[in-house]
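So you know, we letter chains A, B, ... as the sequences are listed, proteins then strands, and number each from 1.
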Amino acid sequence: MSLKIYNTMSGAKEEFEPLVADTVTMYVCGPTVYNLAHIGNARPVVVFDTLFRLLQTQYGSVTYARNITDVDDKIIAAAKEGDRSIESVTDEYTAKYREDMAQLNALPPSLEPHATHNIDAMIELTSTLIEKGHAYESQGHVLFAVESMEDYGKLSNRSIDDMLAGARVQVADYKRHPGDFVLWKPADITDPGWDSPWGRGRPGWHLECSAMIRAHLGETIDIHGGGRDLIFPHHENEIAQSRCAHGGDYVKYWMHNAYLDIDGEKMSKSLGNFRTVRDLLQSYRGEVLRFALLSAHYRSPLNFSVELLEQARSNLDGFYGTLREVADMEIDVDVPLADEPFYQALNDDLNTPLAIAELHALAKQLNKAAAEDKPQLKARIIAAGNLLGILGQDPEEWLQGDAAADAISAEAIETLIQERVDAKANRNFARADEIRDSLLAEGVVLEDSREGTQWKRG
RNA sequence: GGCUCGGUGGCAGAGUGGUAAUGCAGCGGAUUGCAAAUCCGUCAACGCCGGUUCGAUUCCGACCCGAGCCUCCA
């Protein structure tokens with residue numbers, strides 16, 4: 001069972017083969033830390049976290065780097081607006097980003113390089129590009145000369161001429177060609193800046209990823225991921241920087257996720273139609289958000305809505321309900337992943353919706369399995385859940401734990417259930433139903449069985 | 001204008017050159033004191049028009065509709 005990945009560069013699914021046997025290097029573009037992450041920003045995090053988990057099942061060494069962009073115009077603007085230091089802005093939002101992503105069950109990446117910790121590498125890269133004739137200094141800026149690169153535009157499949165046709169490239173008198181992009185720009189005395197051969201300044205947006213990949217992962221990496229909107233110009237320009245500086249390949253497999261839509265439109269900061277993860281966590285647990293994000297294939301747009309979240313929750317409740325029935329069952333059963341349909345689904349370019357469908361099939365089997373078959377089915381469900389980053393909680397806690405601040409307490413519920421058991425024993429069904437209805441009004445659902453009454457918050 | 005990507009049942013969402021997964025919702029049944037949960041069954045879909053083919057939802061072409069990138073954006 002081998003992994004297939006859709007490579008943006010070739011436009012086709014390819015067999016995944018790492019450059020070095022049993023070793024995978026992966027880099028995903030992380031946040032610019034000047035505000036809270038929205039749920040659209042969380043999609044690549046969840047998608048590539050799932051890939052990270054999958055890779056770890058088949059390669060001995062998997063290094064996953066996700067950067068923190070902590071120098072940028074928007075950060076400077078946010079600091080000025082809040083009348084606070086750059087560091088207090090970036091520290092706050094870096095911490096909040098980590099917290100939010102942890103709520104989504106995203107594992108911490110192996111490395112989390114900060115742009116400001118790698119300025120030397122960026123200056124060095126810029127110098128190399130100038131030496132090799134791919135960059136030039138102009139009015140305090142250093143710019144990459146796109147015309148100096150033979151196949152610039154290959155990733156996004158556009159030519160330099162095409163870009164001019166759009167006539168939306170920023171024209172600036174310090175550029176030789178309108179498509180040239182900034183490697184290094186001068187900094188105002190009040191702005192953050194670093195001394196460089198070209199004066200005090202700061203790096204352009206694209207530079208950090210090229211420099212940090214080179215510094216932390218090597219000249220060529222296996223997988224580089226991010227949102228579709230990064231294909232151009234960001235990733236295109238990374239390729240230009242790295243290939244022109246070092247020669248050789250930069251990235252073997254390019255992966256790009258589609259975005260979240262709201263009412264058929266892209267969710268984005270500039271459109272203002274976004275919901276922050278932090279805000280959504282007030283109403284939905286992180287695992288629900290994660291499940292919702294995985295319910296569509298990562299290369300397809302996903303329409304984000306209340307209905308989607310309710311379906312995600314309903315699905316998870318079902319799985320946890322199944323697991324609650326076998327909560328005390330030991331599962332020291334080996335699960336040969338290669339044979340598992342959910343594993344095969346994930347290996348096919350991370351087909352998470354199909355993997356979830358296979359999870360449903362397993363749950364159904366478990367619900368009606370003979371006792372001796374249950375442990376292995378439970379083990380398989382847990383194994384699938386681990387890969388998807390779900391179903392890791394105690395089922396009872398999941399089903400009973402999602403209580404609002406003013407909700408009825410577990411103790412009060414148990415007391416009423418006991419009273420209802422007594423009423424039923426006396427065949428006082430009117431009282432029993434009255435108790436059940438009153439609990440339902442509190443959002444508590446009772447489930448009677450031969451073994452007794454269970455409850456959950458619905 | 002250039003370059004991408006889509007349009008599958010009420011909703012979400014896989015997939016395939018030949019009976020179109022799965023989930024949610026609906027309906028019927030089993031079970032239950034009645035429910036819930038579970039199980040069984042069931043209704044219902046491939047944008048439009050051509051072409052290739054024995055056969056197309058799937059391949060090709062045109063068209064309609066939608067989204068995205070080309071500017072900060074996951």
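When distances run from any side-chain atom of A:Ser268 to the nucleotides B:rA74, B:rC73, B:rC11, the shortest one goes to B:rC73. Residue A:Pro353 has its side chain nearest to B:rA14 when only B:rA14, B:rG33, B:rA74 are considered. In this structure, the nucleotide among B:rC72, B:rA14, B:rG33 sitting nearest to the side chain of A:Ala432 is B:rG33. Listed candidates were B:rC69, B:rA74, B:rG13. Nearest to the side chain of A:Asn41 is B:rA74.
Salt-bridge check for A:Lys374 with A:Glu325: failed, with every basic side-chain N at 4.0 Å or more from each acidic carboxylate O. A salt bridge links A:Asp402 to A:Arg285: at least one charged side-chain nitrogen sits closer than 4.0 Å to a carboxylate oxygen.
Residue contacts shown for A:Phe232 are limited to sugar-phosphate atoms, with no base heavy atom under 4.0 Å away. Using a 4.0 Å heavy-atom criterion, one finds that A:Leu271 contacts no nucleic acid atom at all. If you check every strand for non-hydrogen atoms under 4.0 Å, A:Ser314 touches sugar and phosphate atoms only. Here A:His297 lies in heavy-atom contact (under 4.0 Å) with sugar-phosphate atoms only. As judged by a 4.0 angstrom heavy-atom cut-off over every strand, A:Lys266 is placed among the base-contacting residues. The residue A:Ala37 sits apart from the nucleic acid: no heavy atom pair falls under 4.0 Å.
Remark on RNA chain B: of its neighbouring residues A:Ser305 and A:Asp433, the 5'-side contact belongs to A:Ser305, judged by nearest-heavy-atom nucleotide. Comparing A:Ser295 and A:Asp229 against RNA chain B, the residue whose closest nucleotide sits nearer the 5' end is A:Ser295.
A:Lys154 has its NZ atom 18 Å from the P atom of B:rC3, to the nearest Å.
Atom CG of A:Leu260 and atom CZ of A:Arg43 lie 6.0 Å apart (nearest 0.5 Å).
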Revision key, fill the gap. Annotated structure of RNA chain B as dot-bracket, pair cut-off 3.5 Å, Watson-Crick or G-U only, | for inter-strand, is (((((((..(((.....[...))).(((((.......)))))....(.(((..]....))).))))))))....
Point to revise | Per-nucleotide protein contact string for nucleotides 35-40 of chain B (B base, S sugar-phosphate only, - none; heavy atom under 4.0 Å) | key: BBSSSS
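Residues A:Glu238 and A:Tyr27 bring no donor and acceptor atom of their side chains to less than 3.5 Å of each other.
At least one donor-acceptor pair under 3.5 Å links the side chain of A:Asn273 to the backbone N or O of A:Lys266.
Distances shown here put every side-chain N or O of A:Lys74 at or beyond 4.0 Å from the OP1 or OP2 atom of B:rC73. Of the side-chain N and O atoms in A:Lys424, none sit less than 4.0 angstrom from OP1 or OP2 of B:rC34. The side chain of A:Asn315 contributes no N or O atom lying less than 4.0 Å from OP1 or OP2 of B:rG23.
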Review point. Checking side chain to side chain contact (heavy atoms under 4.5 Å, CB included) for the pair A:Thr94/A:Asp70: CA distance, chi angles, key distance, verdict?
Key: CA-CA 9 Å; A:Thr94 299; A:Asp70 55 359; 5.6 Å; no
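Annotation: ring-ring contact (aromatic ring centres under 6.0 Å, His included) contacts of A:His141 (sequence neighbours excluded): A:Tyr174.
Contact of A:Asn351 with B:rG15 (side chain to base): no donor-acceptor pair of N or O atoms is detected under 3.5 Å.
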